[in-house]
Amino acid sequence: MSRDERTEPTHIHVEADVRYWEDATVNGVEDVDGSHIPGRNGKTWIIAIELASGNVKNWPEGTVANIHYKVCDAGEYWLTDADGNRLAKWRGHYVPNDFLCHGDRGFGDYIIMSIGPDGQIADYTQPTIDWEDWDDV
């Protein structure tokens, strides 16, 4: 099946092991132990972002976060459809900057974004998918 015949991705699903939780503030408070950030599951931050809008799926209304997470080689990223079905997996070991760094440069080691009270990522620019960077699943 050619890529043209496949479902167009609508989201990026993120599972990133965060090295320093304190590199975020949530509702104006330094999140020293990661207990305030929505989407935390153990040492992993799990979120899904709508590619067209930059809105974080299921973000708790009224929660504001400024994130500067060091991830290094400890993340997995998938393009998914609206139902969360995985369509392609990020080929690299580093953070896909165009998808997860908005407002600053992450150099492949950081997830950087500010998320507003409505789940919208500030300064979001819809990334272009370069299929050479993704493996089919």
Side-chain angles (χ1 to χ4, degrees):
M1 183 182 303
S2 74
R3 222 177 262 285
D4 293 338
E5 297 170 351
R6 297 189 183 168
T7 303
E8 186 67 25
T10 59
H11 291 78
I12 183 168
H13 178 87
V14 175
E15 292 187 14
D17 290 352
V18 174
R19 189 171 289 180
Y20 308 111
W21 293 104
E22 64 269 19
D23 289 343
T25 58
V26 179
N27 293 330
V29 176
E30 183 180 352
D31 195 10
V32 175
D33 59 3
S35 62
H36 300 294
I37 192 72
R40 180 173 182 193
N41 184 357
K43 66 179 182 175
T44 306
W45 191 45
I46 302 171
I47 61 166
I49 300 168
E50 185 178 37
L51 295 173
S53 69
N55 194 271
V56 179
K57 190 173 180 180
N58 299 319
W59 189 255
E61 187 175 334
T63 301
V64 175
N66 293 307
I67 296 159
H68 198 271
Y69 287 148
K70 185 162 182 78
V71 176
C72 291
D73 304 335
E76 293 185 311
Y77 314 95
W78 292 272
L79 296 176
T80 69
D81 65 15
D83 294 324
N85 297 308
R86 294 175 178 176
L87 306 172
K89 184 177 181 189
W90 178 249
R91 181 173 285 160
H93 295 287
Y94 298 102
V95 174
N97 284 329
D98 291 347
F99 292 80
L100 298 175
C101 295
H102 301 282
D104 203 348
R105 294 178 51 165
F107 302 102
D109 286 338
Y110 292 88
I111 295 174
I112 301 172
M113 61 181 71
S114 294
I115 305 171
D118 57 355
Q120 181 62 44
I121 297 171
D123 301 318
Y124 182 82
T125 301
Q126 183 176 357
T128 301
I129 298 170
D130 180 350
W131 289 109
E132 297 294 319
D133 295 330
W134 299 87
D135 289 324
D136 293 333
V137 292

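The figures that follow rest on heavy atoms only: side chains count, while hydrogens, waters and symmetry mates do not.
Minimum interatomic distance between Leu87 and Asp81 (heavy atoms only, all atoms of both residues): CD1-N, 3.8 Å. The two residues Ile129 and Pro9 make their nearest non-hydrogen contact at CD1-CG, 3.7 Å. Trp45 and Arg40 make their closest contact through CD1-N, 4.0 Å (heavy atoms, listed as atom of the first residue, atom of the second, distance). Closest heavy-atom contact between Asp104 and Cys101: O-CB, 3.6 Å.
In the hydrophobic cluster analysis, where Ile, Leu, Val, Met, Phe, Trp and Tyr join through side-chain heavy atoms closer than 4.5 angstrom, Ile112 is grouped apart from Ile121. Put simply, Leu51 and Trp59 are part of the same group of oily side chains (I, L, V, M, F, W, Y) that touch within less than 4.5 Å, one to the next. One hydrophobic cluster, built from ILVMFWY side chains closer than 4.5 Å, holds both Ile47 and Val18.
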Test log, rule side chain to side chain contact (heavy atoms under 4.5 Å, CB included), inputs Val71 and Leu100: CA-CA 11 Å; Val71 176; Leu100 298 175; over 6 Å; no
Check step by step if side chain to side chain contact (heavy atoms under 4.5 Å, CB included) holds for Ile67 and Ile37. CA-CA 9 Å; Ile67 296 159; Ile37 192 72; 4.0 Å; yes
Can you check side chain to side chain contact (heavy atoms under 4.5 Å, CB included) on Tyr94 and Asp73, steps first, answer last? CA-CA 5 Å; Tyr94 298 102; Asp73 304 335; 3.4 Å; yes
Test side chain to side chain contact (heavy atoms under 4.5 Å, CB included) on Thr80 and Asn85; report intermediate values, then the result. CA-CA 5 Å; Thr80 69; Asn85 297 308; 5.8 Å; no
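Between atom NZ of residue Lys70 and atom CG of residue Asp109 there is a gap of 4.5 Å, rounded to the nearest 0.5 Å. The NE2 atom of His11 lies 9.5 Å from the CG atom of Asp83; values are rounded to the nearest 0.5 Å.
Between His13 and Ile46, some side-chain heavy-atom pair lies under the 4.5 Å cut-off. Contact annotation: the side chain of Asn97 never approaches that of Arg105 to less than 4.5 Å [non-hydrogen atoms, C-beta and beyond]. The side-chain heavy atoms of Ile115 and Pro38, taken from C-beta on, include no pair separated by under 4.5 Å.
Side chain of Gln120 to backbone of Ser53: a donor-acceptor contact under 3.5 angstrom is found. Counting only distance, with no hydrogens or angles, the side chain of Asp31 and the backbone of Val26 share no donor-acceptor pair below 3.5 Å. A donor-acceptor pair is defined here as one N or O able to donate and one able to accept, closer than 3.5 Å; such a pair exists between the side chain of Asn55 and the backbone of Asp118. With hydrogens and angles disregarded, a donor-acceptor distance shorter than 3.5 Å links the side chain of Thr10 to the backbone of Ala82. Formation of a donor-acceptor pair under 3.5 Å by the Asn27 side chain with backbone atoms of Val64 is found in this model.
Salt bridge absent: Asp135 and Lys89 never bring a charged side-chain N and a carboxylate O closer than 4.0 Å.
Tested against Tyr69, the residues Trp21, Tyr110, Tyr20 include a single ring pair (Phe, Tyr, Trp, His ring centres under 6.0 Å) partner, Trp21. Just one residue in the list Tyr124, Trp134, Tyr77 forms a ring pair (Phe, Tyr, Trp, His ring centres under 6.0 Å) with Phe99, and that residue is Trp134.
One side chain, Thr44 or Asp17, offers a donor N or O that lies under 3.5 Å from an acceptor on the other.
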